[in-house]
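Read the structure below first, then the notes.
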Amino acid sequence: MAEIILDKVSKSFGSVRVINEVSLTIQSGEFVVFLGPSGSGKSTLLRMIAGLETIDDGRLLIGGKESQTLPPGQRNVAMVFQNYALYPHMTVRDNMAFGLRNIKMAAPEVERRVQDAARMLEMDALLDRRPSELSGGQRQRVAIGRAIVKEPAAFLFDEPLSNLDAALRVRTRVELAELHQRMNSTMIYVTHDQTEAMTMSDRIVILNDCRIEQIGTPMEVYTRPASRFVAGFIGSPSMNFLKGSYKDGAMTLLDGSRIAARVAVPEADTYELGIRPEAVKVCEGEGEGDTKGQVKVVEHLGERTLVHVHLSDGSAIVAQDGGRSPVQPGDEVALRFDISELHLFDASGKAWHAE
Amino acid sequence: MLRNTRRETLVALVLISPFLAIYGLTFVYPTVAMVNLSFTDAPLIGPGQWVGLDNYTRLAGERRFDTAFWNTAYFVALSVIPGTFVAMVIALGVSRLTGRMQALVLALFFLPYILPVSVVYRLWDWTLNFQFGIAMYVFDIWGIERVPIFKTTTWFMPAVAFVTIWWTCGFSILLFLAGLRAIPAEIYEAASLDNTGRWTMFRRITWPLLWPVTALVTTIQLILQLKIFDQVYLFSTGGRPNDNLVLVYYIFQRAFVNNQGGRAAAIAVVLFLIVVIVSVLNFQLMRLAERRK
Amino acid sequence: MTNYKVTGSVMLLAGFMSTAAQAEVVVEWWDFLGGGDGVRMKQLIDEFNAEHAGDITIQATTLEWGVPFYTKVQTSVAVGEAPDIMTYHASRIPLAVSQNVLSEITADDWATMGLGEGDFASATWDAVTIDGAQYAVPLDTHPIVLYYNKELLSAAGVLTDDGVPMGMDSLEGFTETMRALQANGVKFPLGSVTADGNFMFRTIYSLVGQQGGELISDGEFLTGDNAEKLTNALAVLQDWTNEGLQSTYTDYPATVALFTSGEAAMMINGVWEVPTMTDLNAAGNLFEWGAVELPMIFDQRATYADSHSFAIPAGDMDPETRAATLEVMSWMLKNSLFWATAGHIPAYGPVTSSAEYAAMEPNATYSPLTANMIFDPKSPLAGVAGPIFDVMSTYFVPTLNGEMDPAEAVEEIIIELNDM
Amino acid sequence: MTASSARQINLVGGIITLLTLIIAILWAFPIYWGIVSSLKPENEVVRPYIELWPETLTFEHYIFALTETQIGRWYINSIATAVGATILTISTSMLVGYALSQLRFPLRRPLYWLILASFMVPTQTLIINHFVLVANMGLLNTWAGIILPQLINPVVIIVYKQFFDQVPRDFREAAVMDNAGEFRILFKVYMPMNWGVTTALAIVTFIWSWNSFLWPFLAVTKTEMMTITVGITQVSDAFGVYYASQLAAAVLAGLPVALAYLLFQRRVTQAITLSAGIKG
């Protein structure tokens, strides 16, 4: 268990800067997810911690030890790869023991650790099989087992669930969360799947364009996104954005409707109003809403219904209705905004939240 | 990837040093020595006098060189394209079969490829023997006049090309089969839903999709056949070597029979250049064709 | 104790020395003798080895005759991997000497062997002599002869009462003999190695010789009417082909097979095939046969001959091995009566003048031809598998088989010879 | 598609299949004919009619070849040189292929180009200088001398490089994380993962080497050092001038590789396609 500190680390590939002065402290025992779209630098950052990529500038402290120049094997971290990278010609046991044998650990100790890990992951029976004889989920476990036996200061996961089918992914997610609670070890987990991030992490680090956009607990990033990017990236279906201008505590949208907004923005200007679908309600009667529009598509999801509406100026908005919504495509509906969940974003993407 | 450049270079050096030693010794050094030798009048073993370009200028009007050059070209023409064509036809035939039948038929076609050239020579020399060859008995039965195949200039090169195709075709057949297997069945299924006939299917689907393999096979054959020696040498024994000369044979003759290392080296350099030029041209042509697509 | 030890080591030392002194010398031997004469040479070698057991052992290898053999010799001498002794065609000695392939047989060597100029016919001695020095020890001379199938000839009525073919003294006569055979249903009256120009060189050279022609005069090829004489020789053979009298495109083993199977009534081949016939006949697998000097097609008798000789490759050789090698040569010559059963005419005078030799058949039948033997021109370009051989054979094959006009062939030959 | 046209297509297909079969049999016929002829007595071999099976079956030519000639010696030479060439080629090429594929070092590109270039260059043109070189090293008539120039085999390197290139980077990284050094990565991870490739390459290299003619033909001047491929054409006392015994020797020379092929048919065919998988 160790604290990991990134202090203004940077990296370039040739002249392209891929990580720019990132600073971050990961507490001992914390489960941190790096979340971001592809190309955001999240994997690079993880690999810099692992030692698979160089750190051009800045410092990396793992358990208080300067590690930015250490070779990967000596950083006391273990990594689970996206494709697991199980050595196909070795049995499960040999796969797990390979790293330990490489540091010339005594055979009984190696065997003990392998057995312990196997027991913990409930795969004692698989030890003598080869990876090709395992299912996807089992391979995943072996990959984790291979990390566990090293008893590392931190676990690094590089999109480890992306090769599993949907059902297995959900189950493994829960198992991973359990594992984290049981082992209470530092874990860094890279994914582009916000559900994984939201469900498993203590904190989420959202990366975009080689920078950290926001660091926070899942609820923080959901309810108080620091930027337009985070607001749009987190949540499914994603937040609605409507262009308009703010003046004196109200937003005027392009279709002319005015929406009260208690937001402490510095000055009157054009802003984007952001509101999540669950904060937009379809009204029963006409004239009650903040705005109105024509229903284009209705998606019944069971416990709720998503209603895609075009406002009169043509901008699209998604509203959420109850599970048994009677709304039909073509209907004219009024929409009411829950103004306590309003966000405004200025041209640079900075966010202000409703008070 | 974090890399320790110095260490990595060191490791690389260790890994490539045996190879570098061998290559330096058996490839780079002999190439340089060959060019050097071609400017002297040295015998096969031993020193010689510097004679400048003499060995090259002499080649210009030399009959044996002419024969060797044109025979080589003739042989390439006779073996490369027909060989590729035969291999493709056979591969198409074999690909229709399945299971054990396919394995058996493929084995029959492929077996010659793994035989040493001297065995191939013995087999065909016997099969086509003018007096006792079984082929001649067949000729007799059909009322065709016997042909002393390896003793006439008219038949020698075509026959050697034929034997060469027989011998090396298995290799190309395998490549074509691999190419055919790589064409997804869905494409044929889709095409047959489009009412495609057998011939159209081949011309519009199989043939274009096989084109990369065809180009590969032709290239390999071309570079290989330019270096022909073994078959020509063996089939010429007791015959008319000077009529059947090909370039490598001529190098051998000058160097090892006539003991003229310098003159032989000049021929070798010329062949060397021919192969390099042909390879480069071929490579460029393929690139061009690729780009046109 | 000490004494005992000393004695022991002295004995050991003595043991070593005696084995060193008596160590068997291995003489590495290369020849190109396949077929019947190869078998006889092997027998001679075995005899030698048995007689010299503990002293000298011949380790023999037989390589492919002709270009392959001489190419191997040449390269192996160049790189110092040559054998200790090898058979060598006398015709090729000038070429070999010009390439420094052979080691001189010195006067001392001759003395050691107990041989000398007086033991050989002058032509033979001359064949191994270059600029007054000898480079080989002649073992035999081996002309070509005409083999014939007595049964077939007799059936066609062209066998004389003496049991030789009729019409042996003119072109017309011989052609008539062949026609008679053809008329009598013989497939090939004459079997010739028409697929191998190297081989046919011998026949053609004989025919040129029968006109008194020469290949090289004053260092120039086919001067004056020599070209015409070569053309004549080729024309005769081509006519036979065109008339279907001669087997076409036949390689060496096929020629022998055609003759021995009775498909060819006559065959022009070297005397070295005599043992093949003798052996087959002895085993009851062959008809009655004979061998005579070539017919006189032109105005004088002449038969091509070459000589098998023993040569020592150039290069360093320890004296012991050289001595052993000399012993091998000397022994072989002195025992060459047996070699005569291989059909060859021994070069060693005392053997040919012996009564046993005079009684040998069929050698006796063709031995008169020794008077008419002609040898290759003495030039580095001549000789078995030499450059002239190569050039000529290339044009002989198409000509003999009717593909090329004789005059044209000769023209091409002259151009190519001058191109070397 | 109507029933009759379907039948027609089946008929055409059947004819093509039949034709393929017939051609296949004719194709292999010379091999059969050579074997059958070698089992006949000499006088039966030259009979003027076709005799598809020996009237008198005899192994005399084989017994003769195996007991009276140096063919046993040649077998040993062929095996030793082919195995030697295979082991050396495979091991050196594997190392180079790995270095080219996985390591970054100065002059890596030029080295790769040199190897590609040597693929185009005909080693046959180098025979003179190979001969001089090997002669000067005193290696004529030795196994080492026969093997040496056969080690130029860029195809093997290129195939190895391509295979190492195809191994997902994850494996290397996993191994690095597992504290494995460069050599352990090569020998414990990459090599075992590519055993199939190594076997396949070894098989083709062996066949090539066993079948090589020109160089062994030049490099050996002593009969006892010849490989079988060369020996059966160069030494005449072995067989006299007769056809059947020559064919028997030829059959013996071809037998080992032919057997190897028939036993490992799938591996060999795989190996061949692999060896051609050059993408430049």
Side-chain angles (χ1 to χ4, degrees), chain B residues 3 8-9 11-12 15-16 18-19 22 26-27 30-31 33-34 37 45 93-94 96-97 103 105 107-109 111 114-119 121-124 126-127 132 134 137 171 174-175 178 198 216 220 223 226-227 229-230 234 248 251-252 255-256 261 264-265 268 271-272 275-276 279, chain D residues 9 12 16-17 20-21 24-25 27-28 30-31 33-34 37 46 49-50 92 95-96 98-99 103-106 118 120-122 124-130 132-133 135 148-149 151-152 182 207 210-211 213-214 218 229-230 232-233 243 246-247 250 253-254 257-258 261 265 269 272-273 276:
Chain B
R3 286 168 186 280
E8 207 167 310
T9 306
V11 171
L15 293 182
I16 62 174
F19 161 81
I22 291 172
T26 59
F27 180 67
T31 308
M34 170 180 74
L37 184 65
I45 300 273
V94 173
R96 298 174 42 85
L97 307 170
V105 169
L108 291 178
F109 281 120
L111 207 52
I114 48 145
L115 295 178
V117 64
S118 43
V119 176
Y121 157 65
R122 282 272 184 257
L123 290 177
W124 279 100
W126 175 231
T127 306
F132 311 111
I134 190 166
Y137 296 141
F171 179 80
L174 286 185
L175 299 195
R198 195 182 283 276
L216 178 70
I220 293 178
I223 296 175
L226 276 172
K227 314 174 203 168
F229 169 80
D230 303 355
L234 289 170
V248 179
I251 296 171
F252 165 77
F256 293 87
L271 175 59
F272 193 103
V275 176
V276 169
S279 303
Chain D
I9 286 196
V12 174
I16 296 178
T17 305
T20 312
L21 280 177
I25 290 166
W27 198 263
I31 298 177
W33 185 236
S37 301
V46 295
Y49 48 83
I50 298 172
T92 56
L95 299 182
V96 180
Y98 180 78
L103 303 178
R104 300 289 166 271
F105 53 93
S118 69
M120 295 188 207
V121 166
Q124 281 84 342
T125 60
L126 297 177
I127 47 173
I128 311 163
N129 299 90
H130 279 157
V132 175
L133 174 79
L148 196 59
L151 300 180
I152 311 179
E182 214 50 75
I207 293 178
W210 182 278
N211 290 354
F213 180 83
L214 177 55
L218 296 174
T229 311
V230 173
I232 61 166
T233 65
Y243 298 110
Q246 284 178 342
L247 286 166
V257 273
Y261 166 63
Q265 200 178 345
T269 46
I272 298 288
T273 20

Please find the pair of heavy atoms, one from [X] and one from [Y], that lie closest to each other, and give the distance.
X	Y	result
D:Thr229	B:Pro116	CG2-CB, 3.4 Å
B:Glu8	D:Arg104	OE2-N, 2.7 Å
B:Ala107	D:Gln265	CB-NE2, 3.4 Å
B:Trp126	D:Ser37	NE1-OG, 2.8 Å
D:Leu95	B:Pro18	CD1-CG, 4.4 Å

Item to check | Residue D:Leu133 versus chain B: region with a heavy atom under 4.5 Å | outcome: side chain
Next on the checklist: Is D:Ile127 in contact with chain B via its backbone, its side chain, both, or neither, using a 4.5 Å heavy-atom distance?
Outcome noted: both
Nearest-0.5 Å distance that lies between atom [atom1] in [X] and atom [atom2] in [Y]:
X	Y	atom1	atom2	answer
B:Thr31	D:His130	OG1	NE2	7.0 Å
D:Leu214	B:Asp230	CG	CG	6.0 Å
D:Asn211	B:Leu115	CG	CG	7.5 Å

Greatest number of heavy atom pairs closer than 4.5 Å to chain B - which of [options]:
options	result
D:Ile128, D:Ile16, D:Thr17	D:Ile128
D:Trp33, D:Phe213, D:Trp27, D:Phe105	D:Trp27
D:Gly34, D:Ala99, D:Ala253, D:Pro30	D:Pro30
D:Leu126, D:Ile207, D:Thr125	D:Thr125
D:Leu148, D:Leu247, D:Val132	D:Leu247
D:Ile31, D:Ile25, D:Thr92	D:Ile31

Shorter than 4.5 Å, heavy atoms on both sides: which option in [options] has the most such pairs with chain D?
options	value
B:Leu271, B:Ile223, B:Leu175	B:Leu175
B:Phe19, B:Phe171, B:Tyr137	B:Tyr137
B:Val94, B:Val11, B:Val117	B:Val11
B:Leu111, B:Thr127, B:Ile45, B:Leu174	B:Leu174

Checklist entry - Side chains of B:Thr26 and D:Leu151: closer than 4.5 Å at any heavy-atom pair? => result no
Checklist entry - Taking C-beta and beyond as the side chain, do D:Ile232 and B:Val119 meet within less than 4.5 Å on heavy atoms? => result yes
Is chain D contacted by the side chain of [X], its backbone, both, or neither, given a heavy-atom distance below 4.5 Å?
X	answer
B:Leu234	side chain
B:Ala255	side chain
B:Ile22	side chain

Item to check | Residues which pass ring-ring contact (aromatic ring centres under 6.0 Å, His included) with D:Tyr261, listed by chain and number, not counting sequence neighbours | outcome: B:Phe110
Next on the checklist: Could you work out, with ring-ring contact (aromatic ring centres under 6.0 Å, His included) as the rule, every residue matching D:Trp210, not counting sequence neighbours?
Outcome noted: D:Phe206
Next on the checklist: For D:Thr20, is there any backbone N or O sitting under 3.5 Å from a side-chain donor or acceptor partner on B:Arg96?
Outcome noted: no
Checklist entry - Got a donor-acceptor contact below 3.5 angstrom from the D:Gln124 side chain to the B:Phe229 backbone? => result no
